[in-house]
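Taking it in order: structure first as structure tokens, then the write-up.
Given the structure is predicted, the values throughout are model-derived calculations rather than measurements. Just the heavy atoms: all of them, side chains too, but no hydrogens, waters or symmetry mates, feed the values below. By convention in this document, chain letters (A, B, ...) are assigned in the order of the sequence lines, proteins followed by strands, and residues within each chain are numbered from 1.
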Amino acid sequence: MPPESKPNDQNTAPERYNAPAREPYWQAKWDEAQIFKAGNNSSDPKCYVLEMFPYPSGRIHMGHVRNYAMGDVFARYKRAKGFNVLHPMGWDAFGMPAENAAIERNSHPGTWTYANIATMKTQLKSMGLSLDWSREIATCGPDYYRHQQKLFLDLLNKGLAYRKSSKVNWDPVDHTVLANEQVIDGRGWRSGALVESRELTQWFFKISQYSDELLDALGTLDKWPEKVRLMQANWIGRSEGMLLTWALDKKTAPNGHATLDIYTTRPDTLFGASFLAVAADHPLAKAAAEKNPKLATFCDECRRMGTSVADLESAEKQGFDTGIRAVHPLDKDWLLPVYVANFVLMDYGTGAIFACPSGDQRDLDFARKYKLPVVPVVLPAGADAAAFSIKDKAADGNGTMINSRFLDGMTTTDAFEAVAKKLEADTLGGRPVGVRKVNFRLRDWGISRQRYWGCPIPIIHCETCGAVPVPAKDLPVKLPDDATFDKPGNPLDRHPTWKNCACPSCGKPARRETDTMDTFVDSSWYYARFTDPQSETPIDPKAASYWLPVDQYIGGIEHAILHLLYSRFFFRAITDSGHGTGLNMREPFSALFTQGMVTHETYKSAAGKWLLPSEVSFKGEGDTRTALETATGKPAAIGSIEKMSKSKKNLVDPDDIIAHWGADCARWFMLSDSPPERDVIWTEAGVQGAGRFVQRVWRLIDDAASKSAAPGSTMPADFGDDALALRRAAHKALDGVARNIEGLRFNVAVAQIYELTNEFSAALPKSSQGLDWAIREAAGFLVKMIAPMMPHLAEECWSRLGYNTLAANQAWPQADPALLVDDRVTIAVQVNGKRRDELTIARDAKNGDIEAAALRLEGVVRAMEGRPAKKVIIVPQRIINIVA
RNA sequence: GCGGACGUGGUGGAACCGGUAGACACACAAGACUUAAAAUCUUGAGGGGGCAACCCCGUGCGGGUUCGAGUCCCGCCGUCCGCACCA
């Protein structure tokens, strides 16, 4: 920050706009007038603009500023366009950081959370966002989570929530389940303890029931980024294949295991099979291990193997022959060995595979290691049949069948059909040997968390009646305030009395569920709650059907799968279980925009410590720029540009920027230059540039106010050329800015505002009756165009122009179509595709006249070198190309 | 490994449907104002050649389609992102 400028002080030069002093004034004006309060009963078309609500982690960061600045531009613009806009804000307030803070301070998570909410709310207000604060919600409030508990019960009732035993990452020191992301090199990220795999009974939401629909409906989300839809499609992971039942050889199979089911997407390669493999946890493996201690040891080793990326890459394919033999479904005399293999996953398909080494790289690696047959069955297109063999690379594509008996010569697609038809017709023990089956990668959503600071799962466990839902009249199941946070583990579980209760069904002493819900449940329906946050039911059908779906949702790409997929599922699940009756929609967010991150240079002191940008001063410019640690005067290293983060200390505090430059400057900087979906680099120079523009607009409007025609003057009958040019520029900018805001291309909208500003500034020194009127008009347009982006400055300018209304209440002006097109156009003239001259001609000139004029041009004549024109291509108002 | 996106001046980037590449901004340079600086204003600028008019080259690289390609097609190279023992 340049020490010489002190915008916090009283204006020394009266023409300087003191943003930090004026912004709170206008914020108070908006508050008084309650202009951003959205009514649920309006005949105006609605527009629901939502940015992903923040986790109250302490203070807002620049990422928030960017996200909310974008949403606010869109919301304010839509208001100006006459929409009834809903633009709410709330807090994703449950979560582990609050509980960790409580452990560190030996206080309550709520204390920390609500203090953070208060701080961040003040900060957001200082940004001048057009938010309807009357709808504020915090997910940690019983007013919110009691409805979530009702939603849970209704899902349970519909069979969409259920309990099952599953394997989880268990941290033995912190006594809690950890998500896969929280396990680093096999150790808990907080405790450092070796994570154990534990079988626990957990609550699940049946997202898998919606696999097909969630995948298919992605096609309808045409206002979502292609990237996000693709990520979700991959995550859902649909594959088409067959479920095959293999008979096991009676002499070798364990008792009770007459058959083995496997899933395959390549039944066409069955004649290339050389072995079967099951996961270490597969029942067949367990049965075989009972009689074989060495196999039991191998299975234990497999289970211990981590599932991290590093583990998987370094892990070699390993297997153990169970001694069991299986009968090939297409040849009863063909027996294949059954292995236990470390690369087979229990929770995909059936946990068992048939391996075709010539057609799958893993199978090939495995076959080479254990000296199993490798029979090529697919000849890739273009390969020479005589010379074809499999070495160290499997042929996993399509082609022509070889070495495959009755399939030989068929394409892989035809072979799939042929095998499928045959195996569907064949029977084993009265059932078809093969059934076509669509398989999904998507698993059910485990929502149980062994934590305090989350929504309690409203269930009571009774020894007689089992898991009994808490009756709706007893909701909410409130978190006890007097939990203790002095040691790790679940404070609900060790609370002396909270979990004791009576069974709602039989009345006998029973125990409350002490797990709470994953916080992603909270954020899966908050957008619906915003439509009527006071409603006695979780969702008010009338309000929801008026406002939903969200018309524009904006947030980070990091939620491409998690939050956005959960919400798409949960919205379907709750509507299917009776909420929002009459809501005729399946998707909660009709348009999605994912914005880029805010990045900044990093700095390191001579001692190797990260330094805050505010702890560093600079010498020189460009390539010769060097940094010094201000406190010590020692040189500091300028490092790479990274996402702003606490760990690298490359943070700029929004409060400092707003206090020094004003919110408008910060907002303008965020919207300028970088396309919204890409990362933006926060630079001091960029902020200064934005700050200069704030002052420039103020100066120009101030100047225009004193020179231009009075507000409301009648339009002159005639405009001079200068006035007409300014009017054209203003109307074109209006039109362009509107379209670019609608398309969320804020950087381009900003550039168009700059262009108009340049024209405006050039016109100001001149004067005529027409020009004075045009200046008044252009000044009004300029103010209305910057209003969504720099709302405070817009108010200040609007007031300076002599109006006593609020700029925020002004309608977006209609651009005059007649002024959007010029009478005369300048078009380039090419000879053989190279630009040689340009031609300014009447917009509606006839092609013959254009051609004649073009051929007369000096540059054209020169380039033609006396040759005749073979052909003249005229694209009206675009280009002329003469082929010589 | 699979899937995807991107590659344009010193920098961020713009260019609707294939039609004047480099809008706009930052940084830079020169000038004006000033005792001086800041601020502000004016002007310049893709690279090369030329006094100039003007000419040649130019959107990662190599081909192609077209009157015309940053944009479309094929093949490379590079960067980034997502998923990943998914049968």
Query raised in the report: Ignoring hydrogens and angles, does a donor from either the side chain of A/K317 or the base of B/C85 sit under 3.5 Å from an acceptor on the other?
Result: yes
Report task. Identify whether any heavy atom of A/S672 sits under 4.0 Å from a base atom; if not, whether one sits that close to sugar-phosphate; answer base, sugar-phosphate or nothing. Result -> nothing
Query raised in the report: If the C1' atom of B/C24 is compared with that of B/G9, how far apart are they to the nearest Å?
Result: 14 Å
Report summary line: Closest to the side chain of A/N758, out of B/C24, B/G12, B/C55, is B/C24
**Report entry** Carboxylate-amine/guanidinium proximity below 4.0 Å for A/K369 and A/D365
**Finding:** no
Report task. Give the nucleotide from the list B/C54, B/A27, B/G13 with an atom nearest to the side chain of A/R678. Result -> B/G13
Report task. Select one nucleotide: of B/C26, B/A87, B/A15, the one nearest the side-chain heavy atoms of A/Y348. Result -> B/A87
Query - Option from A/V829, A/I879, A/N847 for which side-chain contact (heavy atoms from CB on, under 4.5 Å) with A/I874 holds - result: A/N847
Query raised in the report: To the nearest angstrom, how far is A/E226 atom CD from B/C81 atom P?
Result: 20 Å
Report task. Write down the distance separating the C1' atoms in B/G31 and B/A14, rounded off to the nearest Å. Result -> 29 Å
Requested in this report: Begin from the C-alpha positions of A/F669 and A/W682 and carry the test ring pair (Phe, Tyr, Trp, His ring centres under 6.0 Å) through to its verdict.
Outcome: CA-CA 8 Å; A/F669 173 79; A/W682 184 275; 4.5 Å; yes
Query - Separation between the P atoms of B/C28 and B/A39, rounded to whole Å - result: 10 Å
Requested in this report: Please give the nucleotide sitting opposite B/A69 as a Watson-Crick or G-U wobble pair, both distances under 3.5 Å, or none.
Outcome: none
**Report entry** Matching residue for A/T245 among A/D261, A/T259, A/T350 - test: side chain to side chain donor-acceptor pair (under 3.5 Å)
**Finding:** A/D261
Query raised in the report: Distance between the C1' atoms of B/A23 and B/C16, in whole angstroms?
Result: 14 Å
Query raised in the report: Between the main-chain N or O of A/G596 and the side-chain N or O of A/R66, is there a donor-acceptor pair closer than 3.5 Å?
Result: yes
Query raised in the report: With a 4.0 Å cut-off on heavy atoms, is A/R443 in touch with a base, just the backbone sugar-phosphate, or nothing at all?
Result: base
Requested in this report: Would you indicate what A/K870 reaches in the nucleic acid, counting non-hydrogen atoms under 4.0 angstrom: base, sugar-phosphate, or nothing?
Outcome: nothing
Requested in this report: Compare side-chain N and O positions of A/R835 against OP1 and OP2 of B/G68 and report whether any pair is under 4.0 Å apart.
Outcome: no
Query raised in the report: Would A/F354 and A/H328 satisfy ring pair (Phe, Tyr, Trp, His ring centres under 6.0 Å), going step by step from the backbone distance to the final call?
Result: CA-CA 10 Å; A/F354 95 79; A/H328 195 287; 7.6 Å; no
Report task. Write down the distance separating the C1' atoms in B/G64 and B/G82, rounded off to the nearest Å. Result -> 33 Å
Requested in this report: Just call it for A/L230: base, sugar-phosphate, or nothing, with non-hydrogen atoms closer than 4.0 Å on any strand.
Outcome: sugar-phosphate
Report task. Please work out if A/T826 contacts a base, only the sugar-phosphate, or nothing of the nucleic acid, heavy-atom cut-off 4.0 Å. Result -> base
Query - Base-pairing assignment for B/A25 (Watson-Crick or G-U wobble, both under 3.5 Å) - result: B/U11
**Report entry** For B/G78, the Watson-Crick or wobble partner whose two distances fall under 3.5 Å
**Finding:** B/C6
Query raised in the report: Of the nucleotides B/C41, B/A39, B/A14, which has the atom closest to the A/R696 side chain?
Result: B/C41
Query - Separation between the C1' atoms of B/C83 and B/A27, rounded to whole Å - result: 40 Å
**Report entry** d(CD, A/E742; C1', B/C16) in whole Å
**Finding:** 15 Å
Report task. Specify the glycosidic conformation (syn or anti) of B/G82, with syn defined as within 90° of 0. Result -> anti
Query raised in the report: Would you say B/C41 has OP1 or OP2 under 4.0 Å from some side-chain N or O of A/R699?
Result: yes
Requested in this report: Could you tell me whether A/R739 contacts a base, only the sugar-phosphate backbone, or nothing, with contacts defined as non-hydrogen atoms closer than 4.0 Å?
Outcome: nothing
Query raised in the report: If the P atom of B/C55 is compared with that of B/U11, how far apart are they to the nearest Å?
Result: 28 Å
Query raised in the report: Reckon A/E755 touches a base, only the sugar-phosphate, or nothing at all at heavy-atom distances under 4.0 Å?
Result: sugar-phosphate
Report task. Measure the distance from CG on A/N234 to C1' on B/G3 and round it to the nearest whole Å. Result -> 6 Å
Query raised in the report: Do the side-chain N or O atoms of A/N740 get closer than 4.0 angstrom to the phosphate oxygens (OP1, OP2) of B/C16?
Result: no
Query raised in the report: Of the nucleotides B/A27, B/G12, B/A14, which one has an atom closest to the side chain of A/S674?
Result: B/G12
Requested in this report: Using atom types as modelled and distance alone, determine if a side-chain donor or acceptor of A/E838 lies under 3.5 Å from a backbone N or O of A/I827.
Outcome: no
Report task. Would you mind reading off the distance between A/I236 atom CD1 and B/G3 atom P, rounded to a whole angstrom? Result -> 19 Å
Query raised in the report: Does any nucleotide pair with B/A84 by Watson-Crick or G-U wobble geometry, both distances under 3.5 Å, and what is it?
Result: none
Requested in this report: Run the salt-bridge test on A/E742 and A/R739 with the 4.0 Å N-O cut-off and return the result as yes or no.
Outcome: no
Query raised in the report: Below 4.0 angstrom, N of the basic side chain to O of the carboxylate: do A/R843 and A/D822 qualify?
Result: no
Query raised in the report: Is A/R238 salt-bridged to A/D212, going by a charged N under 4.0 Å from an acidic O?
Result: yes
Query raised in the report: So what does A/V750 hit on the nucleic acid, given a heavy-atom distance under 4.0 Å: a base, only sugar-phosphate, or nothing?
Result: nothing
**Report entry** B/A84 phosphate, OP1 or OP2, under 4.0 Å from A/R441 side-chain N/O
**Finding:** yes
Requested in this report: Assess A/R16 against A/W698: is NZ or CZ under 6.0 Å from the centre of the six-membered ring, and within 45 degrees of the ring's axis?
Outcome: no
**Report entry** Base orientation of B/C41, syn vs anti, 90° cut from 0
**Finding:** anti
Query raised in the report: Between B/G50 and B/A37, how far is it from one P atom to the other, in whole Å?
Result: 36 Å
Query raised in the report: Out of B/C26, B/C83, B/C85, which nucleotide sits closest to the side chain of A/F343?
Result: B/C85
Report task. Specify the separation, in whole Å, of atom CZ of A/R836 and atom C1' of B/A53. Result -> 14 Å
**Report entry** Euclidean distance, atom OH of residue A/Y754 to atom C1' of B/A14 [Å, nearest integer]
**Finding:** 15 Å
Query raised in the report: Given A/F320, which of A/Y339, A/Y370, A/F298 fulfils the side-chain contact (heavy atoms from CB on, under 4.5 Å) condition?
Result: A/F298
Requested in this report: Name the residue closer to the 5' end of RNA chain B, choosing between A/Q752 and A/I873 according to the nucleotide with the nearest heavy atom.
Outcome: A/Q752
Query raised in the report: Which nucleotide, B/C26, B/A25, B/U20, lies nearest any side-chain atom of A/E838?
Result: B/U20
Report summary line: Taken to the nearest whole Å, CE/A/M231 to C1'/B/A84 is 13 Å
Report task. Could you check how far CG of A/D347 sits from C1' of B/C85, rounded to whole Å? Result -> 12 Å
**Report entry** Strand contacts (RNA chain B) in residues 875-884 of chain A, 4.0 angstrom heavy-atom criterion
**Finding:** A/V875, A/R878, A/I879, A/N881, A/V883
Requested in this report: Counting Watson-Crick and G-U wobble pairs only, both distances under 3.5 Å, name the nucleotide matched with B/U40, or none.
Outcome: B/A32
Query raised in the report: Under 4.0 Å between a side-chain N or O of A/K834 and OP1 or OP2 of B/C57?
Result: yes
Query raised in the report: Across all strands shown, which nucleotide pairs with B/G18 by Watson-Crick or G-U wobble geometry, both distances under 3.5 Å?
Result: none
